[in-house]
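All values below come from the heavy atoms of this structure, side chains included, with hydrogens, waters and symmetry mates left out.
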Amino acid sequence: MIEKRESSLHELCTLLDYVRWGASRFNAAELWFGHGTDNAWDESLQLVMHVLRLPVEQTKPEVLQARLTMDERREIMALLEKRINERLPLPYLTNTAWFCDMPFYVDRRVLVPRSPIGELIRHRFRPWLKGEPLAVLDLCCGSGCIGIACAEIYPDAQVDVSDISAEAIEVAQINIDRHHLNERVRAVQSDLFTNLGDCSYDLIVSNPPYVNAADLAQMPAEYLAEPDIALASGEDGLEFTRRLLREAASYLQPEGILVCEVGNSWETLKEVYPRVPFVWPQLEEGGQGVFVLSREELLACEPFFNP
């Protein structure tokens, strides 16, 4: 194996050689994609350019034909092999993920940002949110990407990002610092609303754990590399969402809204609460299972949430 690797290091010379080699190895290993790319070629290209500290946009023909030093070849091959051997998602290897056109630091303490809620943020949650919010909560924040993106699009808003995981809060704080938002974004470790005091918000956005037991058991290794606490939510995937629906109205301002992602558990949610008027936005950029409810709707439905 070592001899074969050394032979490859001498035979593969250019940047393009290593992108092609990586893509071939990824396909042979039947890797799963979906954390930033959707195919072996783009995944390999991202990793090669990361090692070379070059933006992917610079992959012009002359750049692809550039010869690599032996140190660069070894570093690239080691990273490509790590992707295969450990089945880690791409952003955990580069420590960078993009959300709402913004870069975020990520590692195995948090989910890789990929929520379709990003599309709603770019559309400023219209038509459901009335006016500009002054107080926003990103609940189950992970890396803090949703709350930080909201802070960018609403420059007058104060934003809380909260998570039950102390490790997730550490990562969120890294991203708050990197985006220079400490004056407007606060990171709080909290189990749902427990440590948020008497705060109330115009907008609560949540991408909570919502994977049911059956789906969790069938997930590819790349997804199982993410923290279980951010994925699993009981047998039917709604353990957390039930609590959220019971409590959210108490932390919303009049005409405030709750926006929550439940992914593949959306059909189960509709079956459990058939009389709740969930609004399911059409997501043009892909994804499913995001609902919107107003404070007034949550209050009217309290008898369904508290049987």
Exercise for review: Determine whether Leu216 and Leu224 make a side-chain contact, defined as any pair of heavy atoms from C-beta on separated by less than 4.5 Å.
Suggested key: yes
Practice item. State the CG-OG distance between Leu299 and Ser250, to the nearest 0.5 angstrom. Key: 7.5 Å
Check your understanding: To the nearest 0.5 Å, what is the distance between OH (Tyr18) and CG (Leu52)?
Key -> 11.0 Å
Review point. Under a 4.5 Å cut-off applied to non-hydrogen side-chain atoms, are Leu137 and Ser162 in contact?
Key: yes
Point to revise | Spacing of CG belonging to Leu252 relative to CD belonging to Glu255, to within rounding of 0.5 Å | key: 12.0 Å
Exercise for review: Compare every heavy atom of Ala187 with every heavy atom of Ile176, then report the nearest pair and how far apart it is.
Suggested key: CD1-CB, 3.9 Å
Revision key, fill the gap. What one should report as the nearest heavy-atom pair of Ala248 and Leu298 is CB-CD1, 4.0 Å
Check your understanding: Which distance, rounded to the nearest 0.5 Å, do you find between the CG of Leu269 and the CG of Asn264?
Key -> 13.0 Å
Study note, to complete from the structure: Students should find that the hydrophobic cluster of Ile164, defined by side-chain heavy atoms under 4.5 Å apart, otherwise consists of Ile229
Exercise for review: Grab the two heavy atoms, one from Phe240 and one from Ser233, that are nearest each other, plus how far apart they are.
Suggested key: N-OG, 3.0 Å
Check your understanding: Can you list the steps and then say if Leu196 with Arg186 is a side chain to side chain contact (heavy atoms under 4.5 Å, CB included)?
Key -> CA-CA 11 Å; Leu196 294 175; Arg186 176 181 69 142; 4.2 Å; yes
Practice item. Output every pair passing side chain to side chain donor-acceptor pair (under 3.5 Å) with a member in residues 129-158, not counting sequence neighbours, ordered by first then second residue. Key: Arg124-Glu132
Check your understanding: Taking C-beta and beyond as the side chain, do Leu181 and Asn175 meet within less than 4.5 Å on heavy atoms?
Key -> no
Could you pull out every donor-acceptor pair under 3.5 Å between side chains of residues 202-212 and any protein atom, sequence neighbours left out?
from   : atom 1 : to     : atom 2 : distance (Å)
Asp202 : OD2    : Leu134 : N      : 2.8
Asp202 : OD2    : Ala135 : N      : 3.1
Ser206 : OG     : Leu139 : O      : 3.1
Tyr210 : OH     : Glu261 : OE2    : 2.9
Asn212 : OD1    : Ala214 : N      : 3.2
Asn212 : OD1    : Asp215 : N      : 2.7

Exercise for review: Check step by step if side chain to side chain contact (heavy atoms under 4.5 Å, CB included) holds for Phe26 and Asn39.
Suggested key: CA-CA 9 Å; Phe26 290 173; Asn39 63 84; over 6 Å; no
**Study point:** Atom of Val110, atom of Ala168 and distance for their closest heavy-atom approach
**Key:** CG1-CA, 3.7 Å
Check your understanding: Within the distance-only criterion (no hydrogens, no angle test), does the side chain of Arg25 pair as donor or acceptor with the backbone N or O of Glu81 below 3.5 angstrom?
Key -> no
Point to revise | Minimum side-chain heavy-atom gap Leu47-Val51 below 4.5 Å | key: no
Check your understanding: Tell me, which pairs form a ring-ring contact (aromatic ring centres under 6.0 Å, His included) where one or both residues lie in residues 46-74, sequence neighbours left out?
Key -> none
Check your understanding: Yes or no on side chain to side chain contact (heavy atoms under 4.5 Å, CB included) for Arg73 and Met70, after CA distance, side-chain angles and deciding distance?
Key -> CA-CA 5 Å; Arg73 298 179 200 182; Met70 188 57 68; 3.8 Å; yes
Check your understanding: Do the non-hydrogen side-chain atoms of Tyr92 and Glu226 ever get within less than 4.5 Å of each other?
Key -> yes
Review point. Any donor-acceptor pair under 3.5 Å linking the side chain of Arg246 with the backbone of Asn306?
Key: no
Revision key, fill the gap. Those residues at least two apart in sequence (or on a different chain) that pass side-chain hydrogen bond (donor to acceptor under 3.5 Å, both in side chains) with Glu119 are none
Review point. Can a salt bridge be assigned to the pair Glu72 and Arg53 using a cut-off of 4.0 Å between side-chain N and carboxylate O?
Key: no
Exercise for review: Please assess Ser265 against Asp236 for the test side chain to side chain contact (heavy atoms under 4.5 Å, CB included), listing each intermediate value before the final yes or no.
Suggested key: CA-CA 7 Å; Ser265 297; Asp236 65 359; over 6 Å; no
Practice item. Can you sort out the partners of Gln253 under side-chain hydrogen bond (donor to acceptor under 3.5 Å, both in side chains), two or more places apart, ordered by chain and number? Key: Ser200
**Study point:** For Tyr201, all residues meeting side-chain hydrogen bond (donor to acceptor under 3.5 Å, both in side chains), sequence neighbours excluded
**Key:** Asp160
Practice item. Report yes or no: does Thr59 contribute a side-chain atom to a donor-acceptor pair with the main-chain N or O of Val56 at less than 3.5 Å? Key: yes
Side-chain donor-acceptor pairs of residues 100-107 under 3.5 Å, sequence neighbours excluded:
from   : atom 1 : to     : atom 2 : distance (Å)
Tyr105 : OH     : Asp107 : OD2    : 2.9
Asp107 : OD1    : Arg109 : N      : 2.9
Asp107 : OD1    : Arg109 : NE     : 3.1
Asp107 : OD2    : Arg109 : NE     : 3.1
Asp107 : OD2    : Arg109 : NH2    : 2.7

Exercise for review: Could you tell me whether a side-chain N or O of Ser24 sits under 3.5 Å from a main-chain N or O of Arg20, the two making a donor and an acceptor?
Suggested key: yes
Point to revise | Passing option when Val259 is tested against Ile146, Val279, Leu120, Ile121 for side-chain contact (heavy atoms from CB on, under 4.5 Å) | key: Leu120
Check your understanding: Going hydrophobic residue to hydrophobic residue with side-chain gaps under 4.5 angstrom, can you get from Val161 over to Leu192?
Key -> no
**Study point:** By salt bridge (Lys or Arg N to Asp or Glu O under 4.0 Å) - contacts of Arg108 (at least two apart)
**Key:** none
Point to revise | Cluster overlap Leu64 with Ile76, hydrophobic side-chain contacts below 4.5 Å | key: yes
Exercise for review: Could you tell me which non-hydrogen atom of Ala157 sits nearest to which non-hydrogen atom of Pro133, and how far apart they are?
Suggested key: CB-O, 3.3 Å
Review point. Just wondering, are more than 12 heavy atoms of other shown residues or ligands nearer than 6.0 Å to CD in Glu62?
Key: yes
Study note, to complete from the structure: Residue pairs meeting ring-ring contact (aromatic ring centres under 6.0 Å, His included), one or both in residues 248-294, sequence neighbours left out, come to Phe193-Tyr251, Trp266-Trp280, Tyr273-Phe305, Phe278-Trp280, Phe278-Phe291, Trp280-Phe291
Exercise for review: Consider only side-chain heavy atoms of I, L, V, M, F, W and Y, link residues closer than 4.5 Å, and tell whether Leu244 and Leu293 are in one cluster.
Suggested key: yes
Practice item. Go through the side-chain N and O atoms of Asp177 and Gln173 and say whether any donor and acceptor fall under 3.5 Å apart. Key: yes
Revision key, fill the gap. Quick note, salt bridge (Lys or Arg N to Asp or Glu O under 4.0 Å) partners involving residues 273-297, not counting sequence neighbours, are Arg122-Glu285
Review point. Going from NE2 on His35 to CG on Leu88, what distance comes out if it is rounded to the nearest 0.5 angstrom?
Key: 10.5 Å
**Study point:** Distance-minimising heavy-atom pair for Ile84 and Arg87
**Key:** O-NH1, 2.7 Å
Review point. Leu31, Tyr223: one ILVMFWY side-chain cluster at the under-4.5 Å cut-off?
Key: no
Exercise for review: Quick one: list whatever passes side-chain hydrogen bond (donor to acceptor under 3.5 Å, both in side chains) with Asn27, sequence neighbours left out.
Suggested key: none
Review point. If we only count heavy atoms from C-beta on, is the Leu245 to Leu258 side-chain gap below 4.5 Å?
Key: yes
Exercise for review: Decide yes or no for Met49 and Glu57: does some side-chain heavy atom of the first lie under 4.5 Å from some side-chain heavy atom of the second?
Suggested key: no
Review point. What about Val185 and Val188, same hydrophobic cluster or not, with Ile/Leu/Val/Met/Phe/Trp/Tyr joined at side-chain heavy-atom distances under 4.5 Å?
Key: no
Point to revise | Spatial distance of atom CD (Glu75) from atom OG1 (Thr69) [nearest 0.5 Å] | key: 9.0 Å
